[in-house]
There are 2 protein chains.
Amino acid sequence: MATLKYSRQRESIKEFLMTRKDHPTADVVYENMKKIYPNISLGTVYRNLSLLSEIGEIQKLSNFGSADHFDGCVEPHCHFMCTTCGDVLDLETEGMDDLIEKAGRNFSGKITACDIRFFGTCPKCMNK
Amino acid sequence: MATLKYSRQRESIKEFLMTRKDHPTADVVYENMKKIYPNISLGTVYRNLSLLSEIGEIQKLSNFGSADHFDGCVEPHCHFMCTTCGDVLDLETEGMDDLIEKAGRNFSGKITACDIRFFGTCPKCMNK
DNA sequence: GTTTTTGCAAACCTTTTGCAATGGA
DNA sequence: TCCATTGCAAAAGGTTTGCAAAAAC
């Protein structure tokens, strides 16, 4: 991999994601970056989101809906998507650590990762 | 919803999915349908795959790679994707039925569904 | 005869890429 | 200076859609 050079844009994207508790899409990141860098391009946003998730500084959540979502928190945790409003939220993970081991019992391949996602109605939409 | 009318194409698509143990993408379904209906269009395949998954006769797996996969089996079960060859396989689910209940303990919304996906190396790719 | 489904092609949405110019080390 | 990063625009990949013709009921 090539040497990494500093870029203001990348720094801002990472910072933005870390201060958001939701999990915005590339487009939302782009719209927010335009407030700081009016000429920033969507391509730059995508390139940096890929780069950041490759080096493990952010997490890419693929296919909650049609567009990818990005999470500034890289600690392993589950996600929940509200089927009413489309929001993606974090969820407690306790008691799910042995899933990979359990799943491997009847499988002759090797399982290295696991992704759990929940769906339903979020607290906000429950009160409507 | 409008009344459903019979269509040979839809019937064949469903049958094809039920006899496959892997989980083909729309494109693979399309290529195979062309053997039976040389003039069938991709649009028809997509329309029927959507329709069938809406009425619960097949399952759409939206989370593996860039294209959706389709599963002729609608019983709840987990999936595994090989990060080497890209194949999607079924996996035993025992001991995972209480996940939704567990996840709901610390959550004030309502969880109705859960999707568990595993990643790793499949048996075929282990022997290479 | 009415309504659904089809084939075709164009549109759509999200993401990636080529390229010359800019900027960091 | 050298090479990574940027902005721009075009392309790519997967999926959806509008429309007139064909098929189902």
Side-chain angles (χ1 to χ4, degrees), chain A residues 1-17 22-55 57-71 81 86-88, chain B residues 1-17 22-55 57-71 81 86-88:
Chain A
M1 198 190 291
T3 321
L4 209 60
K5 278 182 183 168
Y6 173 86
S7 114
R8 271 170 293 165
Q9 290 89 334
R10 189 189 308 133
E11 227 37 46
S12 296
I13 289 172
K14 189 184 161 189
E15 198 186 315
F16 173 71
L17 280 181
D22 66 344
H23 308 80
T25 58
D27 202 63
V28 171
V29 175
Y30 174 55
E31 289 306 323
N32 278 273
M33 286 305 104
K34 277 206 285 196
K35 295 174 190 167
I36 311 177
Y37 312 100
N39 296 321
I40 197 172
S41 77
L42 234 197
T44 296
V45 171
Y46 272 105
R47 268 185 292 235
N48 280 309
L49 287 172
S50 296
L51 205 161
L52 286 168
S53 78
E54 264 170 42
I55 63 179
E57 305 217 344
I58 66 172
Q59 209 183 336
K60 180 179 179 177
L61 312 177
S62 287
N63 288 325
F64 273 112
S66 50
D68 290 344
H69 292 247
F70 295 88
D71 190 343
M81 184 185 217
D87 276 5
V88 177
Chain B
M1 200 188 292
T3 319
L4 210 60
K5 278 183 184 167
Y6 172 87
S7 114
R8 270 169 293 165
Q9 290 90 332
R10 190 189 307 135
E11 231 28 53
S12 297
I13 288 171
K14 190 184 162 190
E15 198 186 315
F16 172 72
L17 280 180
D22 65 345
H23 308 80
T25 59
D27 201 63
V28 171
V29 174
Y30 174 55
E31 289 306 323
N32 278 274
M33 286 306 104
K34 276 207 287 198
K35 295 175 189 166
I36 311 176
Y37 313 100
N39 296 321
I40 197 172
S41 77
L42 234 197
T44 296
V45 171
Y46 272 104
R47 268 185 290 235
N48 279 309
L49 288 171
S50 296
L51 205 162
L52 287 168
S53 79
E54 264 170 41
I55 62 178
E57 305 216 345
I58 66 171
Q59 210 184 334
K60 179 179 179 178
L61 310 177
S62 298
N63 317 306
F64 297 102
S66 48
D68 292 344
H69 292 247
F70 295 87
D71 190 343
M81 183 185 218
D87 275 6
V88 177

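Just so it is clear: chains get the letters A, B, ... in the order the sequence lines come, proteins before strands, and each one is counted from 1.
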Review point. Quick one, which residues of residues 8-17 of chain A touch DNA chain D with a heavy atom under 4.0 Å?
Key: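 DNA chain D contact set from residues 8-17 of chain A: A:Gln9, A:Arg10.
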
Exercise for review: Compare every heavy atom of A:Ser62 with every heavy atom of B:Asn63, then report the nearest pair and how far apart it is.
Suggested key: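 Scanning both residues completely, I find the closest heavy atoms to be OD1-O, 4.5 Å.
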
Exercise for review: Examine D:dT6: is either OP1 or OP2 under 4.0 Å from a nitrogen or oxygen in the side chain of A:Asn48? Give yes or no.
Suggested key: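 True: A:Asn48 side-chain N/O within range (under 4.0 Å) of D:dT6 OP1/OP2.
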
Check your understanding: So, is A:Thr3 near the phosphate of D:dC3, with a side-chain N or O under 4.0 Å from OP1 or OP2?
Key ->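 No.
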
**Study point:** Pairs meeting criterion salt bridge (charged side-chain N to carboxylate O under 4.0 Å, His left out) with involvement of residues 61-70 of chain A, two or more places apart
**Key:**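 Counting only pairs at least two positions apart or across chains, the salt bridge (charged side-chain N to carboxylate O under 4.0 Å, His left out) contacts touching residues 61-70 of chain A are A:Lys60-A:Asp68.
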
Counterpart residues, side chain to side chain donor-acceptor pair (under 3.5 Å), relative to [X] (two or more places apart):
X: B:Glu57; answer: B:Lys14
X: A:Arg10; answer: A:Asn48
X: B:Tyr37; answer: B:Ser12
X: B:Ser41; answer: B:Thr44

Rounded to the nearest 0.5 Å, how far does [atom2] of [Y] lie from [atom1] of [X]?
X: B:Leu49; Y: B:Phe70; atom1: CG; atom2: CZ; value: 4.5 Å
X: A:Ser53; Y: A:Asp71; atom1: OG; atom2: CG; value: 11.5 Å
X: B:Ile40; Y: B:Arg8; atom1: CD1; atom2: CZ; value: 10.0 Å
X: A:Ser50; Y: A:Ile55; atom1: OG; atom2: CD1; value: 11.5 Å

Send over the distance from [X] [atom1] to [N] [atom2], rounded to a whole Å.
X: B:Tyr6; N: D:dC25; atom1: OH; atom2: P; answer: 9 Å
X: B:Leu4; N: D:dA23; atom1: CG; atom2: P; answer: 18 Å
X: A:Leu52; N: D:dT5; atom1: CG; atom2: P; answer: 11 Å
X: B:Lys5; N: D:dA24; atom1: NZ; atom2: P; answer: 10 Å

Point to revise | Under 3.5 Å donor-acceptor, B:His69 side chain and B:His23 backbone | key: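 Yes, because the side chain of B:His69 sits within donor-acceptor range (under 3.5 Å) of the backbone of B:His23.
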
**Study point:** All pairs passing side-chain hydrogen bond (donor to acceptor under 3.5 Å, both in side chains) where residues 24-34 of chain A contributes a residue, at least two apart
**Key:**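 Qualifying pairs, neighbours excluded: A:Asn32-A:Lys35.
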
Close N or O pairs between protein and nucleotides 13-17 of chain D (under 3.5 Å):
| residue | atom | partner | partner atom | Å |
| --- | --- | --- | --- | --- |
| D:dT15 | OP1 | B:Asp68 | N | 2.9 |
| D:dT15 | OP1 | B:Asp68 | OD2 | 3.3 |
| D:dT15 | OP2 | B:Tyr46 | OH | 2.2 |
| D:dT15 | O5' | B:Tyr46 | OH | 3.3 |

Point to revise | Inter-axis angle, terminal five-pair segments of the helix from C:dG1-D:dC25 to C:dA25-D:dT1 [nearest 10°] | key: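 Comparing the first five pairs with the last five, the axes sit 30° apart.
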
Point to revise | Partners passing side-chain contact (heavy atoms from CB on, under 4.5 Å) against B:Tyr46 (at least two apart in sequence or in another chain) | key: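 If we apply the side-chain contact (heavy atoms from CB on, under 4.5 Å) test to B:Tyr46, skipping adjacent residues, the hits are B:Ala26, B:Leu42.
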
**Study point:** Positional range of nucleotides in DNA chain C within the contact set of chain A, heavy-atom, under 4.0 Å
**Key:**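 Answer, 5' to 3': C:dT14 to C:dA25.
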
